[in-house]
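Below, read A as the first sequence line, B as the second, and so on, with proteins coming before strands; counting in each chain starts at 1. Values below: every heavy atom of this structure, side chains too, minus hydrogens, waters and symmetry copies.
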Protein chains: 2
Amino acid sequence: MALGFLSGNALRLDGLIERLESAEGLEDLQILIEELRDSYGVDHIVYHWVNSNGEQYGCGTYDLEWVNRYVEKGYLRVDPVVVGCYQRFHPVDWKRLDWSGKAARALMQDAIAYGIGNQGFSIPLRGPNGQFALFSLSHNCNDTEWEDFTVTNRRDLILIAHYFNQKALEFEPGRTPEASQSLSPREIEAMTLLAVGYSRAQAADTLSISEHTLRVYVESARHKLGALNTTHAVARALSRGVIVV
Amino acid sequence: MALGFLSGNALRLDGLIERLESAEGLEDLQILIEELRDSYGVDHIVYHWVNSNGEQYGCGTYDLEWVNRYVEKGYLRVDPVVVGCYQRFHPVDWKRLDWSGKAARALMQDAIAYGIGNQGFSIPLRGPNGQFALFSLSHNCNDTEWEDFTVTNRRDLILIAHYFNQKALEFEPGRTPEASQSLSPREIEAMTLLAVGYSRAQAADTLSISEHTLRVYVESARHKLGALNTTHAVARALSRGVIVV
DNA sequence: CGCCCCCTCGCTATTTCTGGGGAGGAAGAT
DNA sequence: ATCTTCCTCCCCAGAAATAGCGAGGGGGCG
């Protein structure tokens with residue numbers, strides 16, 4: 001086994017990241033991830049985008065069979081890797097997660113049956129608009145070997161995961177932020193106050209204007225944002241970064 | 001000027017990250033960030049945590065005077081660096097941001113007057129519960145020099161920023177107080193539907209439940225999120241990454 | 001000089017949300 | 001076996017938001 005032979009090889013990392021940066025589609029990422037797996041000598045590497053709706057998207061070296069089973073069984077919602085990474089910032093060794101749940105243990109057994117490997121290491125990735133993805137490596141070996149591998153390659157892997165996600169964000173299907181008209185300063189102030197819980201009356205008072213005037217701002221902002229109601233407008237403004245709360 | 005003399009020095013990076021990992025408080029981070037500034041030979045480095053309540057927190061080498069002015073003037077809400085990074089995943093050169101707004105230009109002039117530097121480079125950082133932070137470098141030099149510096153040190157800086165944020169998350173003041181209250185699946189569904197513009201009646205219909213039941217979810221979610229009304233609750237849920245639109 | 005956008009204010013009527021209250025069943029955790 | 005959490009449903013009165021109609025002054029731009 002060539003676990004981590006790449007370690008410390010700065011040139012190789014540079015080359016990899018360059019190739020990552022010049023990738024032009026999911027197919028390129030798929031090719032790269034397979035090469036990456038071979039270079040690191042691990043069983044599997046997966047980049048896995050978890051949408052809020054439960055939709056999934058990504059690439060990796062898992063068997064299609066396993067991926068389908070994972071989706072069918074709705075493992076996403078009980079997978080300690082996903083849940084654990086969702087609550088953490090730093091990369092995690094799968095061993096350190098909470099596998100005590102019934103569903104979790106069933107998943108683990110199932111995963112091993114599909115040849116996923118007893119060891120794993122996942123890096124949480126977060127982008128704008130609540131994007132959340134995972135970059136995971138899994139392997140079959142003992143604890144010491146895995147510990148050595150993760151300690152040695154941790155930094156490189158963080159970087160690779162970062163560049164991987166950067167690319168994946170570019171390829172995201174259907175994320176076309178319609179050219180929204182920009183809000184006027186007053187509109188932004190009004191929306192911001194509503195977003196922090198003020199009622200229209202309170203917001204108007206805070207801005208020292210009549211409630212009616214404030215309403216005009218909110219209505220105007222709502223139309224500009226193409227929103228159906230105030231709550232929707234605030235949500236859109238937040239998602240688009242028009243206001244910051 | 002020793003801009004970027006550290007570049008390519010893997011040993012130095014290793015040492016730095018080790019020291020970062022052994023930091024035990026914000027004071028240590030402050031010391032480290034000052035050393036980092038000297039090592040890189042840039043004018044300023046700042047780690048800046050933007051809390052979902054609009055509170056700010058962090059450390060850096062800016063003058064206290066400027067920091068106070070920034071907060072007082074509410075520059076956070078108009079700063080193209082913050083807004084721009086909020087919508088991006090990859091690090092950004094300040095030059096590439098949109099400085100066309102009136103407030104933005106006023107901010108820039110003000111910043112230069114306080115000796116911030118005409119060049120800048122910021123790395124967006126995102127953690128659990130919608131945490132958002134910035135790791136920024138700023139300097140006074142011409143475009144070419146800055147370009148060289150950022151291209152050379154980009155990867156190291158990403159790593160440093162990552163470890164910096166990891167540490168800062170550990171030191172977060174009110175880390176577990178109310179953030180732990182997680183929403184139930186139904187509550188998340190309800191909030192998500194409201195966030196995309198559904199009225200309560202529509203949302204209830206979509207979920208095939210009575211409007212009353214939906215209301216219970218929304219109320220429950222509102223209490224868990226410590227929100228004053230529905231709009232506020234949706235805003236908080238979005239900011240914390242509990243729901244995604 | 002118009003034109004357009006921004007800021008400010010007023011009125012009415014209808015619909016929707018808010019904030020309490022209570023109640024029962026199902027599932028999982030201790 | 002009990003306890004908690006979640007899901008589901010119901011009532012009511014008052015507060016708030018929405019949709020539509022207005023008006024006028026100020027500033028920038030061609």
Side-chain angles (χ1 to χ4, degrees), chain A residues 74 77-78 80 83 98-107 180-237 242, chain B residues 78 100-103 105 178 180-237 242:
Chain A
R77 302 202 180 282
V78 294
V83 175
D98 175 22
W99 294 90
S100 62
K102 211 166 78 183
R105 229 170 307 177
L107 162 62
S180 56
Q181 307 178 51
S182 59
L183 303 189
S184 78
R186 271 319 220 193
E187 285 161 358
I188 290 178
E189 286 182 290
M191 297 302 288
T192 303
L193 289 175
L194 294 187
V196 296
Y198 286 42
S199 68
R200 298 205 294 202
Q202 290 174 313
D205 204 49
T206 304
L207 297 179
S208 303
I209 55 178
S210 76
E211 185 182 337
H212 179 87
T213 302
L214 184 117
R215 237 176 62 197
V216 174
Y217 296 149
V218 176
E219 287 290 287
S220 171
R222 219 181 76 221
H223 286 125
K224 284 182 179 176
L225 293 163
L228 299 167
N229 53 44
T230 302
T231 299
H232 191 199
V234 168
R236 286 204 152 177
V242 176
Chain B
V78 295
S100 62
K102 212 165 81 183
R105 232 171 304 178
E178 44 190 317
S180 54
Q181 284 272 59
S182 62
L183 302 191
S184 77
R186 272 319 220 192
E187 285 162 358
I188 291 177
E189 287 183 289
M191 297 302 287
T192 305
L193 289 175
L194 294 187
V196 297
Y198 285 44
S199 70
R200 298 205 298 200
Q202 289 174 315
D205 204 48
T206 304
L207 297 179
S208 303
I209 55 177
S210 76
E211 186 182 336
H212 298 113
T213 302
L214 185 118
R215 240 179 60 198
V216 174
Y217 296 149
V218 176
E219 286 292 286
S220 171
R222 218 184 73 226
H223 285 124
K224 285 182 179 176
L225 293 164
L228 300 166
N229 54 45
T230 302
T231 299
H232 191 199
V234 167
R236 286 204 151 176
V242 176

Where is the tightest heavy-atom contact between [X] and [Y], given as atom of each residue plus distance?
{"X": "Val234(B)", "Y": "Ala195(B)", "answer": "CG1-CB, 3.6 Å"}
{"X": "Val196(B)", "Y": "Leu228(A)", "answer": "O-CD1, 4.3 Å"}
{"X": "Leu214(A)", "Y": "Ala204(A)", "answer": "CD1-N, 3.6 Å"}

Could you state the [atom1]-[atom2] distance from [X] to [N], rounded to the nearest angstrom?
{"X": "Arg186(B)", "N": "dA26(C)", "atom1": "CZ", "atom2": "P", "result": "17 Å"}
{"X": "Leu194(A)", "N": "dA16(D)", "atom1": "CG", "atom2": "P", "result": "13 Å"}
{"X": "Arg222(B)", "N": "dG19(C)", "atom1": "CZ", "atom2": "P", "result": "4 Å"}
{"X": "Glu211(A)", "N": "dA17(D)", "atom1": "CD", "atom2": "C1'", "result": "9 Å"}
{"X": "Leu207(B)", "N": "dC6(D)", "atom1": "CG", "atom2": "C1'", "result": "15 Å"}
{"X": "Arg215(B)", "N": "dC12(D)", "atom1": "CZ", "atom2": "P", "result": "12 Å"}
{"X": "Asn229(B)", "N": "dG19(C)", "atom1": "CG", "atom2": "C1'", "result": "13 Å"}
{"X": "Glu219(A)", "N": "dA17(D)", "atom1": "CD", "atom2": "P", "result": "11 Å"}

To the side chain of Ile209(B), which of dA19(D), dC9(C), dT8(D) is closest?
-> dT8(D)

Among the candidates dT8(C), dC9(D), dG10(C), find the nucleotide nearest to the side-chain atoms of His212(A).
-> dG10(C)

Approximate separation, where rounding is to 0.5 Å, of Met191(B) CE and Arg222(B) CZ = 9.5 Å

Spacing of CG belonging to Leu207(A) relative to OG1 belonging to Thr213(A), to within rounding of 0.5 Å | 10.0 Å

Base, sugar-phosphate, or nothing: which does [X] touch, judged by heavy atoms less than 4.0 Å apart?
{"X": "Val216(B)", "answer": "base"}
{"X": "Ser210(B)", "answer": "sugar-phosphate"}
{"X": "Ser220(B)", "answer": "nothing"}

Please tell me which of Ser199(A) and Tyr217(B) maps to the more 5' nucleotide of DNA chain D, matching each residue to the nucleotide holding its nearest heavy atom.
-> Tyr217(B)

N/O (side chain, Thr230(B)) to phosphate O (OP1/OP2, dC17(C)) under 4.0 Å | no

Would you say Lys224(A) reaches dC5(C)'s phosphate, i.e. side-chain N/O to OP1/OP2 under 4.0 Å?
-> no

